Protein chains: 2
Amino acid sequence: MSNSNGSKMRRQEKEKQILLAAEKVFAEAGFGGATMQLIADVSGLPKANIHYYFSTKEDLYRRVVSNIFDIWLQAAEAFDESSGPAEGIGGYIDAKMEISRRHPMGSKVWASEVMHGAPVIQDYLEDVLVSWTEGRIEVIQHWIDDGLMAQTNPRHLLYMIWSTTQHYADFQHQIETLNGGRPLDDAEWQDAKANVRGIILRGLGIDETG
Amino acid sequence: MSNSNGSKMRRQEKEKQILLAAEKVFAEAGFGGATMQLIADVSGLPKANIHYYFSTKEDLYRRVVSNIFDIWLQAAEAFDESSGPAEGIGGYIDAKMEISRRHPMGSKVWASEVMHGAPVIQDYLEDVLVSWTEGRIEVIQHWIDDGLMAQTNPRHLLYMIWSTTQHYADFQHQIETLNGGRPLDDAEWQDAKANVRGIILRGLGIDETG
DNA sequence: GCACTACTTGACCATTTGGTCAAGAAATTT
DNA sequence: AAATTTCTTGACCAAATGGTCAAGTAGTGC
């Protein structure tokens, strides 16, 4: 039956299956500690089959990191569609907290990659991330100039948002240990989110209700 | 190859030399990516000599992580010797920022370890870190109860301080890339520190001047 | 049916890895 | 200075690793 993209579909699904396993293994062991054999075992495929879809370990890794980067950038939309700092910054924090909750492994892979000097995605950093950051800094600076929030260095504000939100993904294990060995439940996530958003917005002199 | 001043070295000094090289290599490559050979090369000693002082790679790694943990805990003194939240929390932030600046590699090794599930230092987390955290939570809760700062979940406040300050070490490379490829200079570090401290203290309703 | 392409996989290989060892060189003690 | 302990190091090893390959099995188009 179909056809020209039938095989393509199957390929995409298989790649997704492998990428999911790879994300898990890379997150738990780092690039160096991850082995193709383990990725094969987790994905339930023979190692040689993995190499059919991704010729090298670095190839596979690059795809994993770039997937995460895309998800990351989606949270940026909170900024663009916002009417002001309460909605823009508050929404951005919420979105990033949600990503930390739903994609903790992706965040870990990203963190590992950057911590080791971004050998694979340096071009992403220099290109997309730099320009995205510059754009957001401008928006924040405008809000400051318009008296909608306190005087702050927008760049360091962004770092603060990134670090606080991603901390819940990257240091998930530490947080669980300090939470009696159990993951945060729904109420605790809400509490975490409210605390992060509350302190930052108050610290910026922004009225949280609008 | 022999060491220029090797003959005079005592055991402790030699161990320190190895630990310094190991910290660098573990930070840059992670536990899995680090090789004993590379640590040997960086420290300027034959590999077999490294194994004389540290029997296994994990042994060496454990020592590196535990050293970092000690430095980490030193910053805690800001809390204990403080007269109130402005001095206690502000001083703690300053101390942790200074550690991120002076020991970025240590912070990275710690982050890597925790991110990968803390396979080596889980006992530290469950023992020392848990009890230290509980103690600080109590102190903060007292400050809140005494009306010296806003209502906040002390636990999540600690996470915020940890994440924001350590971000400057763990994501050093990303920050440098976003800083035009150059490390933060002294003024920029002061700016970073002032921003972190300022937003958090204001977010807690603490008068920064005392 | 037949040819052709896409996928699967066990067996295999060159290289690298953490770790060992034994023989010797320095210190240190007696 | 002899004996003993501490350190140094090149050579070596078993195991693991990323990656290859050829022989086979589907699936697709004619």
Side-chain angles (χ1 to χ4, degrees), chain A residues 1-26 28-65 109 112-113 116 119-120, chain B residues 1-26 28-65 109 112-113 116 119-120:
Chain A
M1 29 180 119
S2 36
N3 59 3
S4 58
N5 60 1
S7 60
K8 201 177 177 186
M9 277 275 283
R10 243 173 291 116
R11 177 168 196 122
Q12 262 186 348
E13 282 165 10
K14 206 109 196 198
E15 284 184 357
K16 207 169 183 177
Q17 174 187 4
I18 296 169
L19 284 166
L20 205 73
E23 183 183 82
K24 189 179 179 187
V25 173
F26 282 132
E28 285 172 0
F31 179 80
T35 69
M36 294 300 277
Q37 188 58 61
L38 188 53
I39 292 170
D41 292 347
V42 170
S43 64
L45 296 168
K47 195 183 66 168
N49 199 218
I50 309 274
H51 276 287
Y52 175 76
Y53 288 99
F54 301 91
S55 55
T56 67
K57 184 185 178 185
E58 197 177 311
D59 243 45
L60 178 53
Y61 179 71
R62 175 174 276 120
R63 281 287 300 277
V64 169
V65 177
V109 177
S112 255
E113 164 69 8
H116 300 352
V120 172
Chain B
M1 63 191 79
S2 69
N3 197 332
S4 50
N5 55 355
S7 54
K8 280 185 179 179
M9 288 208 161
R10 324 191 74 198
R11 179 166 195 121
Q12 256 190 345
E13 284 163 2
K14 205 112 197 195
E15 284 185 357
K16 208 168 183 178
Q17 174 188 5
I18 296 170
L19 285 166
L20 205 73
E23 184 183 80
K24 189 178 179 187
V25 173
F26 282 132
E28 284 171 2
F31 178 80
T35 69
M36 295 299 278
Q37 188 57 61
L38 188 53
I39 292 170
D41 292 347
V42 169
S43 66
L45 296 169
K47 195 183 66 166
N49 199 218
I50 309 273
H51 276 286
Y52 175 75
Y53 289 98
F54 301 92
S55 56
T56 68
K57 184 185 180 185
E58 199 178 309
D59 243 47
L60 177 53
Y61 179 72
R62 176 175 274 118
R63 281 286 301 275
V64 169
V65 177
V109 177
S112 254
E113 165 69 9
H116 300 351
V120 172

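Naming: A, B, ... by sequence-line order, numbering from 1 per chain. These numbers come from a predicted model, not from an experiment.
- For the pair L60(A) CG and dG19(D) P, the interatomic distance rounds to 10 Å; values are reported in whole Å.
- Rounded to whole Å, atom P of dT16(C) lies 11 Å from atom CD of Q37(B).
- Between the base of dG19(C) and the side chain of K57(B) there is no donor-acceptor pair shorter than 3.5 Å.
- Residue K14(A) has a polar side-chain atom (N or O) positioned under 4.0 Å from OP1 or OP2 of dT8(C).
- Between the CG atom of N49(B) and the C1' atom of dA26(C) there is a distance of 13 Å, rounded to whole Å.
- Atom CD1 of I39(A) and atom P of dT17(D) are 12 Å apart (whole Å).
- Taking the side chain as every heavy atom from C-beta outward, V65(B) and V120(B) never approach each other to under 4.5 Å.
- Within the 4.5 Å cutoff, no side-chain heavy atoms of T56(A) are placed close to those of Y61(A).
- For A40(A) against P46(A), the heavy-atom pair with the smallest separation is CB-C, 4.1 Å.
- Of the side-chain N and O atoms in R11(B), one or more sit less than 4.0 angstrom from OP1 or OP2 of dC7(D).
- The nearest whole Å value for the distance from the CG atom in L45(A) to the P atom in dT25(D) is 19 Å.
- Side-chain contact between Y53(B) and K14(B): present, with at least one pair of heavy atoms (C-beta onward) separated by less than 4.5 Å.
- For Y52(A), the listed nucleotide lying nearest its side chain is dC7(C); candidates were dC7(C), dT9(D), dG19(D).
- As rounded to whole Å, 16 Å separates atom C1' of dT8(C) from atom CZ of F54(A).
- In this structure, A40(A) reaches neither bases nor backbone, as no heavy-atom distance under 4.0 Å exists between it and the strands shown.
- With a 4.5 Å cut-off on side-chain heavy atoms, F26(A) and I39(A) count as touching.
- Computed from coordinates, the Q17(B) CD to dC7(D) P distance equals 14 Å when rounded to whole Å.
- dC7(D) atom P lies 11 Å from atom CD1 of I18(B), rounded to whole Å.
- Among the nucleotides dT8(D), dT8(C), dG18(C), the one closest to any side-chain atom of T35(B) is dG18(C).
- Across dT8(C), dG19(D), dC7(D), the shortest atom-to-atom separation from the side chain of Y53(A) is found for dT8(C).
- In the set dT20(D), dT8(D), dG18(C), dT20(D) carries the atom at the smallest distance from any side-chain atom of H51(A).
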